[in-house]
Amino acid sequence: MKVGVVSDTHMSRMAKSLPKALIEEFKNVDLILHLGDWVSMGIYDLLSELAPVEGIAGNNDGDEIIARFGERKIITLEGIRIGMVHGHTPHSRKGTDGNALLAFANDEVDCILFGHSHQPLLREENGILLFNPGSPTDKRREKLYSFGILDIEAGKVSARHVFYESKE
């Protein structure tokens with residue numbers, strides 16, 4: 001199973017449309033996971049044209065998005081338990097990845113997906129894969145825009161970033 005992972009699209013403030021690199025890659029995924037800060041439900045509609053979409057709300061999302069997706073969830077894909085959270089709370093001293101770990105401290109998960117910092121991250125801690133795809137439209141201090149791909153096969157999950165220079 002191939003899963004597209006995206007966060008912090010900040011539509012329509014930072015971008016008016018999805019980047020071409022993301023569209024081309026997400027045409028070939030089985031599912032898209034959005035990790036919050038959609039800002040507009042319009043991004044759901046755009047992503048849904050490419051593949052089924054699941055997600056959670058972030059700190060910049062309004063009541064409609066929070067009601068539709070919630071702010072934290074665990075989904076199971078092909079036996080892999082995936083925790084999804086934006087990463088802005090609770091406030092730990094260990095950064096956004098620390099917040100993500102705290103959000104699932106009492107749960108059994110194989111992978112935690114989060115956003116918020118706009119900083120791509122891929123690492124493992126205590127057997128849990130931590131993955132932040134970065135942002136496809138608002139790179140902030142990063143050199144490149146980014147999103148992610150999860151590959152789930154034979155009970156194993158792996159992740160990779162897709163980096164590109166233009167949000168067009």
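FYI, side chains are in, hydrogens and waters are out, and symmetry mates aren't considered; it's all heavy atoms of this structure. Residue numbers count from 1 along this sequence. In this text the structure is predicted, and so the values were computed from the model without any measurement.
At a threshold of 4.0 Å, the pair Glu54-Lys73 counts as salt-bridged, since one of the basic side-chain nitrogens sits closer than that to a carboxylate oxygen. Between Lys27 and Glu24 there is a salt bridge, with a side-chain nitrogen of the basic residue lying less than 4.0 Å from a carboxylate oxygen of the acidic one. Ionic pairing of Arg140 and Asp8 is not present here: no N-O contact between side-chain nitrogen and carboxylate oxygen is shorter than 4.0 angstrom. Residues Arg160 and Glu25 are paired through a salt bridge, judged by an N-O separation under 4.0 Å between the basic side chain and the carboxylate.
The side-chain heavy atoms of Val53 and Ile43, taken from C-beta on, include no pair separated by under 4.5 Å. By the 4.5 Å heavy-atom criterion applied to side chains, Val85 and Glu71 are not counted as neighbours. Side-chain contact between Phe114 and Met84: absent, with no pair of heavy atoms (C-beta onward) separated by less than 4.5 Å. A heavy-atom distance below 4.5 Å is found between the side chains of Ile23 and Leu50. Side-chain contact check for Val6 versus Leu35: every heavy-atom pair is 4.5 Å or farther apart.
Val3 is not connected to Leu47 by any chain of hydrophobic side-chain contacts under 4.5 Å among Ile, Leu, Val, Met, Phe, Trp and Tyr, and they are in different clusters. One hydrophobic cluster, built from ILVMFWY side chains closer than 4.5 Å, holds both Leu121 and Leu101. Hydrophobic clustering (ILVMFWY, side-chain heavy atoms < 4.5 Å, transitive): Val109 and Leu102 are in distinct clusters. In the hydrophobic clustering of ILVMFWY residues, with side-chain heavy atoms under 4.5 Å counting as a link, Leu122 and Phe147 come out apart. When the side chains of ILVMFWY residues are joined at heavy-atom separations under 4.5 Å, either directly or via intervening members, Leu22 and Met41 end up in a single hydrophobic cluster.
Aromatic ring pairs are classed by plane angle as parallel below 30°, tilted from 30° to 60° and perpendicular above 60°; the pair Tyr164 and Tyr145 is parallel. Using a 30° and 60° split on the angle between ring planes, Phe69 and Trp38 fall in the parallel class, below 30°.
The line from CG of Leu129 to CD1 of Ile82 is 9.0 Å long, rounded to the nearest 0.5 Å. Taken from NZ in Lys20 to CD in Glu168, the straight-line distance is 7.5 Å, to the nearest 0.5 Å. Taken from CG in Leu113 to CG in Leu150, the straight-line distance is 5.5 Å, to the nearest 0.5 Å. Here CD1 of Ile152 is found 4.5 Å from CG of Leu77. Values are rounded to the nearest 0.5 Å. Between the CZ atom of Phe26 and the CD1 atom of Ile149 there is a distance of 5.0 Å, given to the nearest 0.5 Å. Residue Leu33 holds its CG atom at 4.5 Å from CD1 of Ile75, rounded to the nearest 0.5 Å.
Residues Pro120 and Phe163 approach most closely at CG-CE2, 3.7 Å, considering heavy atoms. Of all heavy-atom pairs between Ile80 and Gly155, the closest is CD1-O, 3.3 Å. Shortest non-hydrogen contact noted between His86 and Ile56 is N-CD1, 3.3 Å. In this structure, Gly148 and Pro133 approach most closely via the heavy-atom pair N-CB, 3.6 Å.
Atom CG of Asp63 has 12 or fewer neighbouring heavy atoms from other residues, nucleotides or ligands inside a 6.0 Å radius.
Looking at Ser146, its side chain never comes within 3.5 Å of a backbone N or O of Val162 through a donor-acceptor pair. Thr137 places a side-chain N or O within 3.5 Å of a backbone atom of Thr9 that can act as its donor or acceptor partner. Checked by atom type and distance alone, the side chain of Asn132 pairs as donor or acceptor with a backbone atom of Gly134 at under 3.5 Å. A donor-acceptor pair is defined here as one N or O able to donate and one able to accept, closer than 3.5 Å; such a pair exists between the side chain of Asp61 and the backbone of Gly58. Put simply, the side chain of Arg81 never gets that close to the backbone of Cys111: no donor and acceptor are under 3.5 Å apart.
Through ILVMFWY side-chain contacts below 4.5 Å, Ile66 is grouped with nothing and stands alone.
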Worked verdict on Arg72 versus Phe104 for side-chain contact (heavy atoms from CB on, under 4.5 Å): CA-CA 9 Å; Arg72 175 194 175 280; Phe104 297 98; 3.4 Å; yes
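For the residue pair His10 / His118, a side-chain donor-acceptor distance below 3.5 Å is found, with atom types taken as modelled. In this structure, a donor-acceptor pair under 3.5 Å is absent between the side chains of His34 and Ser7. Under the 3.5 Å distance criterion, with hydrogens and angles disregarded, no donor-acceptor pair is assigned to the side chains of Asp37 and His116. Inspection of the Asn99 and His88 side chains reveals no N or O donor paired with an N or O acceptor under 3.5 Å.
Among residue pairs with one or both ends in residues 119-129, those qualifying as side chain to side chain donor-acceptor pair (under 3.5 Å) are Asp97-Arg123, Arg123-Glu125; sequence neighbours excluded. Residue pairs satisfying the ring pair (Phe, Tyr, Trp, His ring centres under 6.0 Å) criterion with at least one member in residues 119-142, sequence neighbours excluded, are listed as follows: Phe131-His161.
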